[in-house]
Amino acid sequence: MSDAVVTRFAPSPTGFLHIGGARTALFNWLYAKRFGGKMLLRIEDTDRERSTEAAIAAIIDGLDWLGLKWDGEAIHQFSRAARHAEVAHEMLAAGKAYKCFATQQELEEMREKARAEKRPPRYDGRWRERSDADIAAAEASGLKYVVRLKAPQEGETVVDDRVQGRVVFPNKDLDDTVLLRSDGTPTYMLAVVVDDHDMSVTHIVRGDDHLTNAARQTHIYEAMGWRVPVMAHIPLIHGSDGAKLSKRHGALGVDAYRALGYLPAALRNYLVRLGWSAGDKEFFTTQEMIDAFDLPQIGRSPARFDFAKLENMNGHYMRATPDAELLAALEATLPYLDGGDMLARKLDDAMRAKLLGAMPGLKERAKTLVELLDGARFLFADRPLPLEPKAADILAQGRQHLVALTPRFSALADWTAASTEAAVRAYSEETGAKLGQVAQPLRAALTGRATSPGIFDVLEALGRDESMARIADQAKV
RNA sequence: GCGCCCAUCGUCUAGCGGUCUAGGACGUCGCCCUUUCACGGCGAAAACAGGGGUUCGAUCCCCCUUGGGCGCGCCA
């Protein structure tokens, strides 16, 4: 048995892969990479009512998009139900667990009573020490039972957590966890422990909403005589208002972040810096992340999700991405972008060449792929161009420059940013018009907008024929 | 209600008893660059929640208060 690090990401497929889950996956992945170990994927689908195939697909798609590849085959927890039950029966036989015939109604009453007496709602252990005869009688009368863990009632349970520190829970506050439901299926609490053990998981990194569970699970480990894995409960991500991330904070699933035009590398970088740090360093390549990542640098306080910072970071990544690569990323993301189909339809090699040529000017002005697509719109828009109100105003003021420029452009031997710039500068010097007074009407005519990349780059990217035609469209009115 | 966790600029954070007139990043506000918008450069405002200890000395250690969060299912 080696000491190789084994982590796991264990989402329940009751919805998409949300941003907190993505970060948990990232941390597990980084930790495994850092120590040359493996990250396993386990789909916790023991809740048959709420688990869906669509959710499983969404989670896998999300991990895939984020570039977080797990090792080996994904384990579907439900398929291991027989093994879970086997372990429960082992505990039953060893006297570490017992059959409980309390009905739902009894449990409800217990909770009601506790609430009325301002005590913690807890199972009272009424079947914990019953005689064999009692139990046999109950079973014979056809009553359904669950299997409960006979948890220690005195003393305390310590979770030695790598993030939270040494956390102590009084055992009197932890009741006898249900291991097997009355239909014989395993509960999450049992399944997790059995699976983590069977999968040789060495490090459990998960949200700190599981911290109390860690204590209950410790009891199961102890009952089975199994070694407890290293625990690391990371703080949850909160919304901008400090409350738990939810629908009203906007985008949720990682697929939504893709549709918003974020690059996976940027999202990873943003996520790793939420609750984890390495000095003042903000930007990490994947390799740098792996090399620097470890549990002690994870903070204990919850972090708020800040779109502004994500956006800024994404802008950095876009600018740092080589043009061809960024074009490929845009193309791959088109199916998910609003209005992306419009470009997708026109994307032939000629259009790719135009986009590539304009990319340096485009990517500097875009913080997301959505903005990149929007900024590139003028390249594939059909003539006559629709005009923004501001562009229309500009044209109303400076249409005569378009007319005057036309013969000069026609006379150009070659059509480049440099040649068109020379022509425009010569014109502006000769007529005394400020460069801006000439450039803005040109921009309006060529792009339909008041803002765009540098106008001479636009001229070159559009090419002579398209440029002249667009100028003519606006010059004649 | 009970248990547990957390607490540095608006946000993410550095800090691990003296180096702190508390550093970086995002955001905000100025200025510069400039054909627009960006990018970039320069600069500014902006924080140790409060109260007690411990110590020669606390942002850093302890306690309390306050404020947040999480958990308390035959859900995961």
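Predicted model, so just to flag it, every value in this text is computed and none were measured. Reminder, nothing fancy here: chain letters follow the sequence lines and each chain counts from 1.
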Quick check on B:A76: is either OP1 or OP2 less than 4.0 Å from any side-chain nitrogen or oxygen of A:Arg206?
no

Using a 4.0 Å heavy-atom cut-off, does A:Gly165 contact any base of the nucleic acid, only the sugar-phosphate backbone, or nothing at all?
nothing

Indicate, yes or no, whether a donor-acceptor pair under 3.5 Å links the base of B:A25 to the side chain of A:Asn312.
no

Taking the C1' atom of each, how far is B:C70 from B:A76, in whole Å?
15 Å

Who is the Watson-Crick or G-U wobble partner of B:U59, with both distances under 3.5 Å?
none

Mark yes or no for a side-chain to base donor-acceptor pair under 3.5 Å between A:Ser182 and B:C74, with no hydrogen or angle criteria applied.
yes

Side chain of A:Gln164: nearest nucleotide among B:C74, B:C5, B:C72?
B:C5

Between the side chain of A:Arg8 and the main-chain N/O of A:Arg42, is any donor-acceptor distance below 3.5 Å?
no

Under a 3.5 Å limit for both distances, which nucleotide forms a Watson-Crick or G-U wobble pair with B:U54, could you say?
none

As a test of reading the structure: which of B:C39, B:U35, B:A76 is closest to the side chain of A:Glu364, going by heavy atoms?
B:C39

If pairing means Watson-Crick or G-U wobble with both distances under 3.5 Å, then the partner of B:C26 is B:G10

Sugar-phosphate, base or nothing in reach of A:Ala116, heavy atoms under 4.0 Å
nothing

Assign A:Ala450 to base, sugar-phosphate, or nothing according to its heavy-atom contacts below 4.0 angstrom with the strands shown.
base

If you check every side-chain atom of A:Glu282, which of B:C37, B:C74, B:C12 has the closest atom?
B:C12

Proximity to the side chain of A:Val146 - top-ranked nucleotide from B:U35, B:C37, B:C74:
B:C74

Base, sugar-phosphate, or nothing: which does A:His210 touch, judged by heavy atoms less than 4.0 Å apart?
base

Against the side chain of A:Ser301, the closest entry in B:U36, B:G24, B:A7 is B:A7

Do A:Tyr262 and A:Glu311 touch side chain to side chain, with heavy atoms closer than 4.5 Å?
yes

How far, in whole Å, is B:A46 from B:G10 if one measures between their P atoms?
10 Å

Looking only at side-chain atoms of A:Asp280, point me to the closest of B:C4, B:A14, B:C12.
B:A14

With a non-hydrogen cut-off below 4.0 angstrom, is A:Thr14 in contact with a base, only sugar-phosphate, or nothing?
nothing

Position toward the 5' end of RNA chain B (nearest nucleotide), A:Pro120 or A:Gly299
A:Pro120

Span that lies between the P atom of B:U59 and that of B:G50, in whole angstrom:
10 Å

Are A:His197 and A:Tyr221 an aromatic pair, judged by ring center distance below 6.0 Å?
no

How many whole angstroms separate atom CG of A:Asn269 from atom C1' of B:C12?
12 Å

Base, sugar-phosphate, or nothing: which does A:Met313 touch, judged by heavy atoms less than 4.0 Å apart?
nothing

So A:Arg48, base contact, sugar-phosphate only, or nothing? Heavy-atom distance under 4.0 Å.
nothing

A:His18 side-chain N/O to A:Gly21 backbone N/O, donor-acceptor pair under 3.5 Å
yes

Any donor-acceptor pair under 3.5 Å linking the side chain of A:Trp415 with the backbone of A:Leu459?
yes

Do we get A:Arg319 above A:Tyr317's six-membered ring, with its NZ or CZ under 6.0 Å from the centre and within 45° of the axis?
no

Side chain of A:Pro302 (C-beta onward), nearest among B:C6, B:G40, B:G73
B:C6

Is the Lys NZ or Arg CZ of A:Arg48 less than 6.0 Å from the centre of A:Phe78's six-membered ring, within 45° of the axis?
yes

Nearest whole angstrom, please: distance from the P of B:C12 to the CG of A:Leu236.
14 Å

Pick base, sugar-phosphate or nothing for A:Tyr270, based on heavy-atom distances below 4.0 Å to the nucleic acid.
nothing

Partner nucleotide, any strand, of B:G3 [Watson-Crick/G-U, under 3.5 Å]
B:C70

Could you check whether A:Lys281 makes a cation-pi contact with A:Phe284, meaning its NZ or CZ is under 6.0 Å from the centre of the six-membered ring and within 45° of the ring axis?
yes

How is A:Arg319 classified with respect to the nucleic acid when contacts are heavy atoms under 4.0 Å: base, sugar-phosphate, or nothing?
sugar-phosphate

Does a side-chain N or O of A:Ser277 approach OP1 or OP2 of B:A14 to a distance below 4.0 Å, or not?
yes

What integer number of Å spans the C1' atoms of B:A7 and B:U13?
14 Å

By the 4.0 Å heavy-atom rule, please label A:Ile455 as base, sugar-phosphate, or nothing.
base

Integer angstrom distance from the C1' of B:A44 to that of B:C2:
49 Å

What nucleotide among B:A76, B:U13, B:C5 has an atom nearest to a side-chain atom of A:Val167?
B:C5

Closest nucleotide among B:U13, B:G27, B:A76 to the A:Tyr188 side chain
B:A76

Contact class for A:Gln437 (heavy atom, under 4.0 Å): base, sugar-phosphate, or nothing?
nothing

Show your reasoning for whether salt bridge (charged side-chain N to carboxylate O under 4.0 Å, His left out) applies to A:Asp124 and A:Lys113.
CA-CA 11 Å; A:Asp124 63 7; A:Lys113 190 166 172 242; over 6 Å; no

When rounded to whole Å, the NE2 to P distance for the pair A:His84 and B:C74 reads 19 Å

Is the NZ or CZ atom of A:Arg148 positioned over A:Tyr123's six-membered ring, under 6.0 angstrom from the centre and within 45° of the axis?
yes

Residue whose closest nucleotide on RNA chain B lies nearer the 5' end, A:Thr185 versus A:Arg23:
A:Arg23

Determine the interatomic distance between C1' on B:U11 and the same-named atom on B:G27; round to the nearest Å.
8 Å

Tell me: NZ of A:Lys390 to P of B:C37, nearest whole Å?
9 Å

Nearest whole angstrom, please: distance from the P of B:C26 to the NZ of A:Lys281.
15 Å

Once you apply a heavy-atom cut-off of 4.0 Å, does A:Pro11 come out as touching a base, just sugar-phosphate, or nothing?
nothing

Looking at A:Arg300 and B:C5, is any side-chain donor or acceptor paired with a base atom of the opposite kind under 3.5 Å?
no

Between B:C4 atom P and A:Arg216 atom CZ, what is the distance in whole Å?
14 Å

Looking at A:Arg443 and B:U35, is any side-chain donor or acceptor paired with a base atom of the opposite kind under 3.5 Å?
yes

If we take the P atom in both B:C62 and B:U8, what is their distance in whole Å?
16 Å

What is the distance from NZ of A:Lys309 to P of B:G10, rounded to the nearest Å?
15 Å

B:A49: pairing nucleotide in any strand, Watson-Crick or G-U under 3.5 angstrom:
B:U65

Looking at the side chain of A:Thr451, which of B:A76, B:U36, B:G3 is the nearest nucleotide?
B:U36

Please give, in whole Å, the distance from B:C37 P to A:Lys367 NZ?
14 Å

Using a heavy-atom cut-off of 4.0 Å across all strands, would you classify A:Val168 as base, sugar-phosphate, or nothing?
sugar-phosphate

Describe the nucleic acid contact of A:Asp183 in one word from base, sugar-phosphate, nothing, applying a heavy-atom distance below 4.0 Å.
nothing

